[in-house]
Structures are given as structure tokens and as C-alpha cells.
Amino acid sequence: MNAEPKPTMARDDSSPRATAITIPAFSGYMPLSLDQAAERLARYDKVRRVLGEDPAEWTVREVGDGNLNFVYIVTGPEGSVCAKQALPYLRLVGESWPLPLSRAVFEHAALVRQAHDAGTVPAVIVFDPDQALIIMENLSGHVIWRGALINRERHETAAPVLGRFCAETLFRSSDLALAPEVKKREQAGFAGNTALCRISEDLIFTDPYTDHPQNAVTPGMEGAVAAMRADGEWRTAIQEWKWAFLTHAEALLHGDLHTGSVMVSPPGPDERIRVIDPEFAFYGPMGFDLGATLANLWLNAAAQPGWGAGWEDQQAWVLQQPLLFMTAFRARFTELWHEERTGEAMVDRVIGDASDMALRAMLAHIERDALGFAGAKMTRRIVGLAGVADLRTIPDHETRVACETRALRMAEHLIKAAARIKTVDAATTMAQELLHT
Ligand code: SR1
Ligand code: MG
């Protein structure tokens, strides 16, 4: 009888992927607060080195605008840091919605992997696992991209940089690049992020399609939402996307890559883009991260008529961004396909001279998924808990309903017909028709 083949050596043991993801006991965990944050953070040598030695000279601000955590900016005479600590519950709802501190471990694990990959995430200064605390460089001068888009600022490099970021983080964490033993170890490590995955499973793929008390349907949208819930084709399609989300462990995802997870410095030749907040990281379908970005750009485009004069010009600009994003993704993914395909998927000894055909098929699969997940993501932000400011800040109620109705129609097409639409280019043509008044 043949001996079992020996597992090959992991090829990247010098990389952050070699570090096992372990969940600590969180012994001595204490939430930070404004009044003791300086004294607590002064216990870390590396923080004092950045800020200056005397915590009495530091100032602390709470700046978290996300749904889950508190985030503090601490400034001293010599510099500043950003301290993000997980709470044992969901900030948006409160203590009635418990949430494990382990999300900080997954966020840190994703940050160090993605920094290695693409260099466009904040640098970690200190990680204290027992305190579920990540102390990072403060991205001073940066703002959240969603807010910039709402202010109609134009960051010309954000979409293409993000497209390249997705290509690198997704490709390099997948079976295209990693030895199977490494990829499976990684997948197993991130598989513990079940609570955050469950939030996505419920909020994106389930609750909007049921009469769940946490949904937030805008008055005036009840008819459109009832029609959605009565539509068997729609319900079947969304469950198929949920199936893909649950079962297709293709790559390490950011997991929540909306425009609120991207920070941008002032627009212009020196603008910089950083991706933050990967606490939803897990192994899932590549198209999910792409779909999140596409969805939030299309929601912003849908909201433009709600903000008055100049909307047509700005909407036209916003609608170009998904194309730039996807073009950059395809181009970088193609380079990596030729330069870094060292995994066991799509091996040259089999695909050989059909490599370009295999690449086209894979890109088509990812893009189709991206469209379907974009539809799912748009719908959850219109119908479910945690809507987006882009739509919420439309001052006139009737206009908001009209914008949401148009966006929901686009989402319906994406969810039901991603396989027919096929490309972001075709979806852009559809958006130009559907999101215009
Ligand atoms: C219940 S938490 C709501 C949402 O906030 C995060 O940004 C994720 O998108 C999550 O679904
Ligand atoms: Mg977030």
C-alpha cells in the first residue's frame, strides 16, 4: 500500500500567516473610557514613544462612528495614535446584543496579513489581545470615504487603489497563491469569527426578506418591500447568494468593505487611501468584498438626486467609479495570475496553454458573484438594520423614497440576474438608466 503523501512545507513561514490565530482568555479585560484612557495607554512603551513620555500632556477624543466599537484618538506633544477596543456588546444596540471580544483578534490578524499584502491598511503599533485592544497609527488628515462622497468630494484614485487592494488581498490569501496546508490553516483560524459572520448572514441575507423587528423600512417603501417579500424568484435568488456566502471559502475577505471602511486623505495628486476595520474577516467568496464596494458606490449614486443642484454631474462621476474599481481589480488579478500563482488551484501542469481561458473563467465567476452580492448589500442598507447615511441624509422625504425605490429596483436585477448581466460595465449602463430620475 502506498504511504500517505507527506504534507508539503508551508511556503510562507516567515509571513504573518505563519502565526496561529489564538483567542485569549481576556483576563483582566476592562473597557477604556475617556477619563482613564491616557493612563491606561501610557502602560505601553511603544505608545509613549509615539506620543511623548508624560500622559498628563495627552488629550483623548472618542471618534468611533461605526456600529460596533469605541475608538479613541490620543494626541501627545510628539504624535498621535488611534486606539480601537472591542466591547462585549454591539455599540449600535447596546448591552442587549452581546458580541464576543474575539473580533479584535480577527481584526488584528487580518490587518497584519493585509499590510503584508498591499500596504494600504493602518500600521499596528500595539496589539493587546487580553484587552481586545488594537493601537494603530492615527490616520490624521484622513476622512471616511462615505462622508467625502456625501460631500461630493472626488478622490480620483480611491476606486482603482481599492480594486488593486482587493486583487492582492483576495488572490494572495487563496488557493491560487497559498499551499493547501497553509490556506486550510488560515481558513480554520478565521473560521472562529462566527458571531460576526452571523451578523452578515442575518442582516444581509435573511432579515430584510422577513418582517424582522430590527428592519428599518422608510415610510413610503412598504409597498416595494412587500412586493420583494412576495416574490419567490427574489427570495430564492437571495438564498442562493447566502449559500455562496456560507460555503464558498475562496479567500480571506475584509468582510465589510463598504465606503465607511475606507479612509481618504484630501483629494489631489498626493491623496492616500487606507482600508480600515476588517473585524468581519473570514474565508468567503471573493466577490463579496467587491460587491460591498460596488453596492455602496451605487447607493451613493442613487442618493445624488436627493442632494439638489449638481446631482447629475456628480452621479455621472460616481457611476464611473465601479468601472475604475473593477478594471483595476481585473488588471492586478491578471498580473498576480501570471506572477504569483504558486498554489494548488489552476496549476500550470494542467491548464498549460489554456491559462488565459482559465483566467477569463475565474474573473467572470468573481465578477458575477460581485454583482449578486452588490444587490444583496444594497437591499440590506435600504430595508434592514444599519442603513447608510447617503440615503438617510436626503432631506426631502418623498425624494428619499424615490431614490430608495430606484436603488431597490437595481438591487433586484443584480440579485436575480447577475449571471445574465455578467459585467460591471453592463451594470453601469443599467445604473445610468435606473438611478436617473
Ligand atoms: C449590527 S452591526 C450592523 C452593521 O455594521 C457593520 O458595519 C456591518 O456592516 C454590520 O452589518
Ligand atoms: Mg466597520
Side-chain angles (χ1 to χ4, degrees), residues 62-72 82-111 114 121-122 132 134 136 139 142-147 162 165 193-210 212-216 238 241-242 245-246 253-264 274-282 284 288-300 373-392 411:
E62 203 282 309
V63 294
D65 68 347
N67 296 320
L68 275 74
N69 309 293
F70 284 104
V71 180
Y72 299 91
C82 169
K84 176 173 177 182
Q85 189 184 35
L87 294 167
Y89 57 86
L90 185 87
R91 176 182 183 165
L92 177 71
V93 173
E95 293 184 29
S96 63
W97 188 326
L99 208 55
L101 300 174
S102 58
R103 65 187 186 274
V105 175
F106 298 110
E107 173 162 358
H108 173 257
L111 274 177
Q114 294 173 345
V121 300
I134 307 171
M136 293 166 269
L139 300 176
H142 289 63
V143 296
I144 295 287
W145 193 23
R146 186 189 302 288
L162 211 49
F165 173 84
N193 203 5
T194 54
L196 284 270
C197 287
R198 188 60 197 260
I199 289 178
S200 298
E201 289 148 18
D202 290 343
L203 267 59
I204 301 170
F205 300 102
T206 308
D207 297 351
Y209 304 88
T210 69
H212 195 281
Q214 269 164 348
N215 288 328
I238 195 64
W241 291 116
K242 185 176 182 181
F245 180 81
L246 286 162
L253 308 186
H254 175 284
D256 196 25
L257 195 52
H258 53 79
T259 50
S261 294
V262 178
M263 295 193 76
V264 290
R274 301 295 187 89
V275 177
I276 60 168
D277 270 4
E279 64 206 308
F280 283 77
F282 81 110
F288 186 76
D289 273 359
L290 302 173
T293 299
L294 294 172
N296 281 269
L297 289 169
W298 283 326
L299 287 173
N300 182 275
F373 287 125
K377 292 278 205 167
M378 290 171 77
T379 305
R380 61 79 55 104
R381 299 293 183 192
I382 300 165
V383 180
L385 180 71
V388 286
D390 312 55
L391 291 164
R392 278 207 221 122

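Heads up: numbering here begins at 1 and tracks the sequence. Just follow the structure's listing: the first ligand is 1, and inside any ligand the first atom is 1. These figures come from a predicted structure and were not determined experimentally.
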Checklist entry - Can you list the atoms of ligand 1 that are under 4.0 Å from a heavy atom of His258? => result 7 (O)

Item to check | 4.5 Å side-chain heavy-atom contact, Ile199 and Trp97 | outcome: yes

Checklist entry - Taking all non-hydrogen atoms of both residues, which atom of Ala374 and which atom of Ala295 are closest, and how far apart? => result O-CB, 3.4 Å

Checklist entry - Is the backbone of Leu90 close enough, under 3.5 Å, to the side chain of Asn67 for a donor and an acceptor to pair up by distance? => result no

Checklist entry - Which one holds for Glu279 and ligand 1: side chain close, backbone close, both close, or neither close, with close meaning a heavy atom under 4.0 Å? => result neither

Checklist entry - Where do Ala411 and Met378 come nearest, in terms of heavy atoms and distance? => result CB-CB, 3.9 Å

Checklist entry - Lys377 near ligand 1, heavy-atom distance under 4.0 Å? => result no

Next on the checklist: For atom 11 (O) of ligand 1, what is the closest protein heavy atom, and at what distance to 0.1 Å?
Outcome noted: Arg380 NH2, 2.6 Å

Item to check | Where Phe165 and Val121 come nearest, the two heavy atoms and their spacing | outcome: CE1-CG1, 3.9 Å

Next on the checklist: Does any part of the side chain of Phe373, heavy atoms only, come nearer than 4.5 Å to the side chain of Ile204, both counted from C-beta?
Outcome noted: no

Next on the checklist: Using a 3.5 Å cut-off on N or O atoms only, is Trp97 in polar contact with ligand 1?
Outcome noted: no

Next on the checklist: Is the contact between Ile199 and ligand 1 made by the side chain, the backbone, both, or neither, using heavy atoms and a 4.0 Å cut-off?
Outcome noted: side chain

Checklist outcome for this item: ligand 1 atoms nearer than 4.0 angstrom to some heavy atom of Leu203 are 1 (C), 3 (C), 11 (O)

Checklist outcome for this item: With Trp145 as partner, the option from Asn300, Asn296, Leu162 fulfilling side-chain contact (heavy atoms from CB on, under 4.5 Å) is Leu162

Checklist entry - Any side-chain donor paired with an acceptor under 3.5 Å for Asp202 and Gln214? => result no

Next on the checklist: Please compare Leu99, Asp202, Asp256 and report which has the shortest non-hydrogen distance to atom 9 (O) of ligand 1.
Outcome noted: Asp256

Checklist entry - Considering only heavy atoms, does Leu68 approach ligand 1 within less than 4.0 Å through its side chain, its backbone, both, or neither? => result side chain

Next on the checklist: Give the atom numbers and elements of ligand 1 that come within less than 4.0 Å of a heavy atom of Arg381.
Outcome noted: 9 (O)

Checklist outcome for this item: Looking at Leu196, Leu90, Asn67, the heavy atom closest to atom 1 (C) of ligand 1 belongs to Leu90

Checklist outcome for this item: Ala386 heavy atoms within 4.0 Å reach ligand 1 at atoms 3 (C)

